[in-house]
Amino acid sequence: MTEFRYELLAQDGKARLGRIHTAHGVIDTPTFMPVGTAATVKGMLPENVADTGAQILLGNTYHLMLRPGAERIARLGGLHKFMNWDKPILTDSGGYQVMSLAKLRKITEEGVTFKSHIDGRKFNLTPERSMEIQHLLGSTITMAFDECTPFPATEKQAAESMRMSMRWAKRSKDAFVEREGYALYGIQQGSVFENLRRESSEKLAELDLPGHSVGGLAVGEGQQIMFDTLDFCVDMLPANKPRYLMGVGKPSDLVGAVMRGIDQFDCVLPTRSGRNAQAFTHRGTLNLKNGRHRDDDRPLDDQCNCPACTKYSRAYLHHLIKAGEILGAVLLTWHNLAYYQDLMRGMREAIAEGRMEAFARDFHAGQEGGDI
Ligand SMILES: CN(C)CCSCc1cc(N)cc2c(=O)[nH]c(N)nc12
């Protein structure tokens, strides 16, 4: 069996090249984790997600506890078998989704009670139940149960929220079932306040967890405030363990956050925008709804080798989108995931060769490329 461990292989400034060893395989970092909320990366076969280079997927406690239910997935062999993905899966702990999706939510020290946004059934989610659900799912990486502090928050509000999350982190650790090759990550909170981020990091350090995430960002603060916060809060987390920035982000967010020491990312952007006709390319973003593409037989992105870019034209993709054809959403999702994986691979190579600054310059120059 494999023990869960992080290998730091190279550094270029604050950017890190690493490898996470888990019970379900290895993850090369920096890594982007496609989101598979309801046990599927929407519109993609898992083998095709793997073909883009993805080595780990993200799942959601909240969605799966509501439907089809964690006990049912466990009876059916666990989430890996259920969705036919045998590589690592990281699951979020549910609190964030309750606050963003559920109805009639009530937060107490015990946890959160809420009504399902699907059928109105009442649920109760506590650190202990979140750990039980993630265990039933068979998650490779379990996230502690936390409260994502809204933005903006006063320092007092952020302190109270963070301190509850730290008490919940302790309860999460006490309830987590240790298995070789599996991990529980702590979630740093504290909004944009350096003293609170430090207090959160010190509380998490007492739990001696194998990995951590930076929570409470990508909540509407904007890129500059996110970067300014990362400038001080990432270094507060142990350098010999993975650092995951939750819910991030667009391509320029990934480049800036890798340069500030982040190893793992997840975001719905490539998949959700793919279903909405938006394509990320090496020369900026395109919206295939736009009529200017109707006669353009060039590939979407001439530096990409995904099926959308090697087998079809922009004109065809535009046609599929205008006709509301399912294949349009599938091909643009596939391309965006391939683009994100290509971006992460490019950063891993740049860090290995000590040229991350140059990579970032070329990336930004390409994005302003114009005439795409
Ligand atoms: C699909 N993904 C967006 C879901 C996983 S990441 C969700 C998520 C996003 C953001 N921005 C902050 C937080 C946070 O502070 N805590 C938790 N538990 N989850 C978070």
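Both backbone and side-chain heavy atoms feed into the values below; hydrogens, waters and symmetry mates do not. Because the structure is predicted, anything quoted here is derived from the model rather than measured. First listed ligand is number 1; within each ligand, the first listed atom is number 1.
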Residues which pass side chain to side chain contact (heavy atoms under 4.5 Å, CB included) with Thr285, listed by chain and number, not counting sequence neighbours
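Checked Thr285 against side chain to side chain contact (heavy atoms under 4.5 Å, CB included); matches are Gln278, Phe280.
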
Could you check if a side-chain atom of Leu332 sits within less than 4.5 angstrom of a side-chain atom of Ile321, using non-hydrogen atoms only?
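Yes, side chains in contact.
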
Quick one: ring pair (Phe, Tyr, Trp, His ring centres under 6.0 Å) pairs with a partner in residues 99-120, sequence neighbours left out?
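Ring pair (Phe, Tyr, Trp, His ring centres under 6.0 Å) check on residues 99-120 returns Tyr62-Phe114, Tyr62-His117, Phe114-Phe123.
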
Apart from Val26 itself, what residues make up its hydrophobic cluster, given side-chain heavy atom links below 4.5 Å?
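Traced through the cluster, Val26 reaches no other member.
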
Test applied, salt bridge (Lys or Arg N to Asp or Glu O under 4.0 Å); reference residue, Arg260; option that passes from Asp235, Asp231, Asp253
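When salt bridge (Lys or Arg N to Asp or Glu O under 4.0 Å) is applied between Arg260 and each of Asp235, Asp231, Asp253, only Asp231 qualifies.
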
Taking it one step at a time, do His135 and Phe176 satisfy ring-ring contact (aromatic ring centres under 6.0 Å, His included)?
CA-CA 8 Å; His135 181 78; Phe176 179 69; 7.9 Å; no

When you look for protein heavy atoms under 4.0 Å from ligand 1, which residues do they belong to?
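Ligand 1 pocket, heavy atoms under 4.0 Å: Val35, Leu58, Asp92, Ser93, Tyr96, Gln97, Asp146, Cys148, Ile187, Gln189, Gly215, Gly216, Leu217, Ala218, Tyr244, Met246, Gly247, Asp266, Val268.
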
